[in-house]
Amino acid sequence: MKMITAIVNKRDAGEVCDALSAEKFSFTKMATTGGFLQSGNVTLLIGTEDEKVDLALEIIRKHCAQRMEPMPSIINAGVPAFGYHQTEVLVGGAIVFVSPVERFEKM
Ligand code: 2BA
């Protein structure tokens, strides 16, 4: 058994969850925050049999897009008189970790 931890853009999360449910995956959806941008994303915990890992990754890949997200940075030591400069950073499609599960129990 494996645990897939997938961090996805919140705008893609609905479609990914619907597609995972349609293929009968069990998963937990958590509202999370990216450490760098400090903006909301969604983390899915998907516990599944080894044979279904590739299908889960295919679903995630299919429904997660790469996007440029604004990265607000205050320049000139944050003195508003000097103005604010906004740059962008490429985010996603998805960040995925696949870990072995030593033991699974439902009590
Ligand atoms: P954030 O930490 O908010 O990062 C958003 C995007 O900012 C990243 O996209 C990456 O393009 C950029 N970025 C992150 N840290 C950076 C840094 N120190 N310097 C320059 N640019 C940086 P993604 O790589 O697609 O990551 C999307 C989200 O996935 C991340 O949001 C974070 O929540 C999660 N993530 C990514 N890598 C991770 C890792 N190794 N461990 C845990 N979570 C991770």
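Note that ligands are numbered from 1 as they come in the structure, with each ligand's atoms numbered from 1 the same way. In this text the structure is predicted, and so the values were computed from the model without any measurement.
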What are the atoms of ligand 1, with element, lying closer than 4.0 Å to any heavy atom of F97?
39 (C), 40 (N), 41 (N), 42 (C)
Which ligand 1 atoms, with their elements, are less than 4.0 angstrom from a heavy-atom of V89?
7 (O), 11 (O), 12 (C)
What verdict does the side chain to side chain contact (heavy atoms under 4.5 Å, CB included) test give for L44 and I7, after you've listed the backbone C-alpha separation in whole Å, the side-chain angles of each residue and the deciding distance to 0.1 Å?
CA-CA 6 Å; L44 301 174; I7 302 157; over 6 Å; no
Minimum-distance protein heavy atom relative to [atom]:
{"atom": "atom 44 (C) of ligand 1", "answer": "I7 CD1, 3.9 Å"}
{"atom": "atom 37 (N) of ligand 1", "answer": "I95 CG2, 4.0 Å"}
{"atom": "atom 2 (O) of ligand 1", "answer": "F36 N, 2.8 Å"}

Polar side-chain atom of E88 near backbone of P70 as donor-acceptor pair, under 3.5 Å
no
D50 side-chain N/O to M1 backbone N/O, donor-acceptor pair under 3.5 Å
yes
Option set N41, V91, L37, L90, criterion heavy-atom distance to atom 3 (O) of ligand 1, minimum
L37
Ignoring hydrogens, just give me the one of G34, C64, G40, A94 whose non-hydrogen atom is nearest atom 31 (O) of ligand 1.
G34
Looking at T28, L20, L57, which one forms a side chain to side chain contact (heavy atoms under 4.5 Å, CB included) with I46?
L20
Quick one: does G35 get an N or O within less than 3.5 Å of an N or O on ligand 1?
yes
N/O of G92 under 3.5 Å from N/O of ligand 1, yes or no?
yes
Side chains of I4 and F27: does their closest heavy-atom pair fall under 4.5 Å?
no
Electrostatic pair R67:D12 at N-O distance under 4.0 angstrom
yes
Here the pair of heavy atoms bringing C17 nearest to K29 is SG-CD, 3.9 Å
